[in-house]
Number of protein chains: 2
Amino acid sequence: MHSPSNILRHNVKQLDDRVLAYVADYFQALSEPLRLKILNELRGSARNVNDLTTRLSCSQANVSKHLGVLARRGFVVREAQGTAAYYRIADAAVYELCDLVCGQIADRLRDEVAALKSLDGAAERRRTSPASRAR
Amino acid sequence: MHSPSNILRHNVKQLDDRVLAYVADYFQALSEPLRLKILNELRGSARNVNDLTTRLSCSQANVSKHLGVLARRGFVVREAQGTAAYYRIADAAVYELCDLVCGQIADRLRDEVAALKSLDGAAERRRTSPASRAR
DNA sequence: TCTCTATATTACTTTATAGTTATTTATGAT
DNA sequence: ATCATAAATAACTATAAAGTAATATAGAGA
């Protein structure tokens, strides 16, 4: 028999469509800038809707909607406190993901910057060397 | 001055909107089951469009479109070979991501299964203990 | 050149979702 | 009970994207 982890991680061929949909859904939840901002605000401490609304300067309805999305996916949990609703991270593992992605993006950017720099250097060399001016 | 990685990883407050959009976009590219299938097919070896079309049993136009999305995001690279177009993974780092997500999902499922089992156990105990039948 | 085949692209339809405004629900205070 | 406040929801608009069918493009071979 397989452990769940084995099924998901190593059954490379013929990935079950439901699992695939689940993974896609997971990524989808993280594919909105505002939701990323919300998750970022929740690093460290729980916050209520009003807090988030002002800190992110967007509409209350919109924040509530996105929090709903995150809650339905199990990324955050709601906790009522008086008339306020505090949300906190339920699955801190998302941050691993975000950091991994950020790291990868940083690597890409570094590469692009390096490429641009070398292009720039080449252009500089062309500019200062009259020989290559001839075409 | 900051290194790019520091800017991205640790400038927690006031994340630059463009960076956020970039990250969201990165996740977005991974939020379609068919694209995940394609990436999965490209583990190991490059494949051409026709291969992918038959292996994934979907339309050629659709595969091409999704490959275009993945290529524009830098996940895959295209290499023409005669009239065929072979695509291969450009950024193997995605697999880290996918595996991380799969692992996290596996953890969640394990938790859910455990929760269901304990519920089930409780129900079983209720069923076999006449005392708690009274309501 | 003409034809076949592989891929890309275009135009289109359908569906999903972000954001807005207005409204509802629920709690606490007077 | 009434009022005020916080959050959720509904109805709506606008936009983006997936999938399809048809067409365009481009290379290989006769």
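A, B, ... follow the sequence lines: proteins, then strands. Residue 1 opens every chain. Keep in mind that what you see is a predicted model, and the values were worked out from it rather than measured.
Residue pairs that meet the ring-ring contact (aromatic ring centres under 6.0 Å, His included) test with at least one member in residues 97-123 of chain B, sequence neighbours left out, do not exist here. Judged as a ring-ring contact (aromatic ring centres under 6.0 Å, His included), the pairs with a partner in residues 62-81 of chain A (not counting sequence neighbours) are, in order, A:Tyr26-A:Phe75. Contacts classified as ring-ring contact (aromatic ring centres under 6.0 Å, His included) and involving residues 85-129 of chain B (residues at least two apart or in different chains) are not found.
Under the side-chain contact (heavy atoms from CB on, under 4.5 Å) criterion, A:Val23 pairs with A:Val19, A:Phe27, B:Leu36, B:Val101, B:Cys102, B:Ile105, not counting sequence neighbours. Scored by the side-chain contact (heavy atoms from CB on, under 4.5 Å) test, A:Glu96 finds A:Ala93, B:Leu100, B:Gln104 as partners (sequence neighbours excluded). The side-chain contact (heavy atoms from CB on, under 4.5 Å) test applied to B:Val113 returns B:Lys117, not counting sequence neighbours. Partners of A:Ser59 according to the side-chain contact (heavy atoms from CB on, under 4.5 Å) rule, which considers only residues two or more places apart in sequence or in another chain, are A:Ala61, A:Asn62. With sequence neighbours left out, B:Asp111 forms a salt bridge (charged side-chain N to carboxylate O under 4.0 Å, His left out) with no residue at all.
Taking the charged nitrogens against the carboxylate oxygens, A:Asp51 and A:Arg88 have no contact shorter than 4.0 Å, which rules out a salt bridge.
Contact check of residues 79-88 of chain B against DNA chain C (heavy atom, cut-off under 4.0 Å) returns B:Thr83, B:Ala84, B:Ala85, B:Tyr87. Heavy-atom distances under 4.0 Å link DNA chain C to B:Gln60, B:Ala61, B:Ser64 of residues 56-68 of chain B, given in residue order.
Taking 4.0 Å as the cutoff to heavy atoms of chain A, we find the contact window on DNA chain D bounded by D:dA6 to D:dT9. The span of DNA chain C lying next to chain B, judged by atoms under 4.0 Å from heavy atoms, is bounded 5' to 3' by C:dA6 to C:dT9.
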